[in-house]
Structure formats: structure tokens, C-alpha cells
Asks: 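Sending over a structure as C-alpha cells; questions will come in a sec.
This one's a predicted model, so the numbers in the text were calculated from it and none came from an experiment.
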Amino acid sequence: MTSQNRTAESFSSPSSRSMRFLVIDDDRLTRALLSDMLSPFGECDEAADADTGLRMILGADEHHHRYDVAFVDLIMPGAGGKDLLRALRSAEDEMGLAGSDGTKVVMITSSRDTRSCVQAFMLGCESYLTKPFSADQVEEKLREIGTLVSV
């Protein structure tokens with residue numbers, strides 16, 4: 001499906017509420033581009049660093065539903081994507097949010113290092129997206145991890 005056809009279809013999350021996304025990347029242009037790609041599918045927030053992103057994910061409550069998917073840059077100044085993922089999965093375990101009840105994480109990176117990819121999966125990410133990426137690739141990732149269904 002091309003991005004032009006995307007607006008002609010109706011999409012939803014597996015649950016009845018609108019999907020929420022969080023893009024965590026130190027690059028402003030990447031955040032804006034990915035947010036624009038995700039906007040047809042739901043609400044999208046942005047964070048410029050891992051610490052802020054983790055606080056936003058863990059701060060979700062009954063007034064601000066949890067994020068369905070976080071797109072997290074692997075390499076950022078300070079704490080990186082793997083640090084965020086490790087802390088997120090630990091916090092989710094403590095809250096009893098195991099497996100599909102937690103926020104799904106798609107790691108994004110310009111690195112072609114397969115070792116980093118394997119490490120991210122071992123820490124609990126659901127998928128991996130290499131920069132540069134297209135809107136169609138982002139949509140495919142959402143389908144792959146089960147957060148996007150056609151209705």
C-alpha cells in the first residue's frame with residue numbers, strides 16, 4: 001500500500017481506543033518525520049532524550065492512557081535506547097505489565113550493527129527499524145507487532 005492510499009482506509013488499534021505513540025530521538029527532524037508518518041494512526045508525542053521518554057511512558061495513568069508503541073533511537077547522548085528499554089522492562093515487571101500489556105518498543109537506528117539489534121531484542125524490543133525508513137515501512141512495523149489492523 002502506498003502512503004497516498006493510506007488515507008482511504010480505516011485503521012484501528014486492537015482495543016477500542018485511539019492508539020498512542022511516543023517517538024524518542026535526539027534528532028528533531030527524525031522526531032518530526034516519524035510523528036508525521038504516525039499521525040494517520042493515532043496521537044503521537046515526542047521526547048528528545050531517553051530520560052524524558054522513560055518518564056513520559058511511566059507517567060501514563062488513567063487520565064493519559066499508556067503508550068501503545070514507543071519508537072526509540074538506539075544511540076542518543078547520555079542514556080541510549082538500550083538503557084531506556086532495560087529500565088522500561090524492569091519498571092513494567094514491577095508494575096505487573098508483562099508481555100503484551102506493556103508498551104511495545106520499536107528500536108530505530110542508522111547503525112547496521114547486527115550485534116546491537118540482537119541485544120535490543122534480548123532486552124525486550126518488539127521490532128527494529130533502520131534509518132532512513134519510509135511511511136510504508138513504519139506502517140508495516142505497526143502491523144508486524146500487532147498494533148495496527150484494517151477495519
Side-chain angles (χ1 to χ4, degrees), residues 1-4 6-7 9-95 97 100-113 116-117 119-121 123-149:
M1 171 193 319
T2 65
S3 54
Q4 291 83 10
R6 186 174 291 111
T7 57
E9 284 194 30
S10 178
F11 299 96
S12 70
S13 67
S15 71
S16 61
R17 65 176 176 76
S18 177
M19 284 189 287
R20 290 191 73 215
F21 304 104
L22 179 59
V23 177
I24 305 167
D25 196 308
D26 58 308
D27 181 66
R28 183 182 53 79
L29 183 58
T30 300
R31 287 193 315 269
L33 181 65
L34 189 49
S35 291
D36 187 55
M37 290 176 181
L38 292 167
S39 66
F41 311 114
E43 177 187 335
C44 189
D45 294 325
E46 301 176 14
D49 61 78
D51 291 335
T52 302
L54 183 63
R55 283 194 306 273
M56 290 173 72
I57 293 171
L58 297 179
D61 58 21
E62 65 276 357
H63 301 293
H64 295 91
H65 297 291
R66 70 173 178 80
Y67 291 97
D68 296 290
V69 184
F71 287 81
V72 181
D73 189 16
L74 183 64
I75 302 169
M76 294 181 276
K82 287 188 283 188
D83 298 321
L84 178 145
L85 185 56
R86 187 178 297 110
L88 174 61
R89 294 303 184 227
S90 176
E92 286 178 338
D93 283 346
E94 290 177 14
M95 294 185 289
L97 294 173
S100 63
D101 291 334
T103 297
K104 295 182 185 211
V105 175
V106 176
M107 298 303 285
I108 54 176
T109 186
S110 55
S111 173
R112 304 285 194 255
D113 178 17
S116 293
C117 177
Q119 289 172 342
F121 278 105
L123 289 170
C125 81
E126 278 70 26
S127 196
Y128 204 87
L129 193 57
T130 304
K131 298 175 190 177
F133 44 79
S134 68
D136 288 337
Q137 289 171 308
V138 170
E139 181 179 332
E140 180 57 34
K141 289 296 175 186
L142 294 175
R143 290 183 190 286
E144 178 183 296
I145 63 176
T147 56
L148 183 66
V149 292

Asks: How many angstroms lie between CG in Asp27 and CE in Met76, if you round to the nearest 0.5 Å?
Replies: 11.5 Å
Asks: Counting C-beta onward and ignoring hydrogens, is there a side-chain heavy-atom pair between Leu88 and Leu58 closer than 4.5 Å?
Replies: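 In contact.
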Asks: Nearest heavy-atom pair of Ala50 and Leu84: which atoms, and what distance?
Replies: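 Distance-wise, the nearest heavy atoms are O-CD1, 3.2 Å.
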Asks: Determine whether a donor-acceptor pair (N or O, by modelled atom type, separation under 3.5 Å) exists between the side chain of Arg31 and the backbone of Glu46.
Replies: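 Between the backbone of Glu46 and the side chain of Arg31 there is no qualifying donor-acceptor contact (under 3.5 Å).
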Asks: State the CG-OG distance between Leu129 and Ser110, to the nearest 0.5 angstrom.
Replies: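 Going from the CG atom of Leu129 to the OG atom of Ser110 covers 11.5 Å.
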Asks: Can you tell me how far apart CD (Glu43) and CG (Asp68) are? Round to the nearest 0.5 Å.
Replies: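 Between Glu43 CD and Asp68 CG, I get 10.0 Å after rounding to 0.5 Å.
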Asks: I want to check something: taking the side chain as every heavy atom from C-beta on, are Leu38 and Leu142 in contact at a cut-off of under 4.5 Å?
Replies: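 They are in contact (side-chain heavy atoms under 4.5 Å apart), so the answer is yes.
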Asks: State, to 0.1 Å, how close Ala79 and Asp51 come at their nearest heavy-atom pair, and which atoms those are.
Replies: CB-OD1, 3.9 Å
Asks: Using a 3.5 Å distance criterion without hydrogens, assess whether the side chain of Asp83 forms a donor-acceptor pair with backbone atoms of Gly80.
Replies: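 Yes, because the side chain of Asp83 sits within donor-acceptor range (under 3.5 Å) of the backbone of Gly80.
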Asks: Locate the shortest heavy-atom distance separating Lys82 from Met107; write the atom from each residue and the value.
Replies: N-CE, 4.0 Å
Asks: Quick one: are Asp73 and Thr30 in side-chain contact, heavy atoms under 4.5 Å?
Replies: no
Asks: Using every non-hydrogen atom in the two residues, find where Ile75 and Ser111 come nearest and quote the distance to one decimal.
Replies: CD1-CB, 4.4 Å
Asks: To the nearest 0.5 Å, how far apart are CG in Leu74 and CG in Asp25?
Replies: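 That separation rounds to 10.5 Å.
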Asks: When rounded to the nearest 0.5 angstrom, what distance separates SG in Cys125 from CZ in Phe71?
Replies: 11.5 Å
Asks: Which atom names give the shortest non-hydrogen contact between Val23 and Cys44, and what distance separates them?
Replies: CG2-SG, 3.6 Å
Asks: Would you mind reporting whether Val105 and Leu123 have side-chain heavy atoms less than 4.5 Å apart?
Replies: no
Asks: Using every non-hydrogen atom in the two residues, find where Thr103 and Ala70 come nearest and quote the distance to one decimal.
Replies: CG2-N, 3.8 Å
Asks: Less than 4.5 Å apart, any side-chain heavy atom of Ile108 and any of Lys141?
Replies: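 No. Closest side-chain heavy atoms not under 4.5 Å.
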Asks: Please walk me through it: do Glu140 and Arg143 pass salt bridge (charged side-chain N to carboxylate O under 4.0 Å, His left out)?
Replies: CA-CA 5 Å; Glu140 180 57 34; Arg143 290 183 190 286; 5.1 Å; no
Asks: State plainly whether the residues Lys104 and Glu92 are in salt-bridge range, i.e. N to O under 4.0 Å.
Replies: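 A salt bridge is absent here (no side-chain N lies under 4.0 Å from a carboxylate O).
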Asks: Taking the side chain as everything from C-beta on, heavy atoms only, tell me whether Leu34 gets closer than 4.5 Å to Phe21.
Replies: no
Asks: Would you mind reporting whether Val69 and Met19 have side-chain heavy atoms less than 4.5 Å apart?
Replies: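 No, too far: nothing below the 4.5 Å cut-off.
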Asks: For Ala87, is there any backbone N or O sitting under 3.5 Å from a side-chain donor or acceptor partner on Ser90?
Replies: no
Asks: Using side-chain heavy atoms (C-beta onward) and a distance below 4.5 Å, is Phe133 in contact with Val138?
Replies: yes
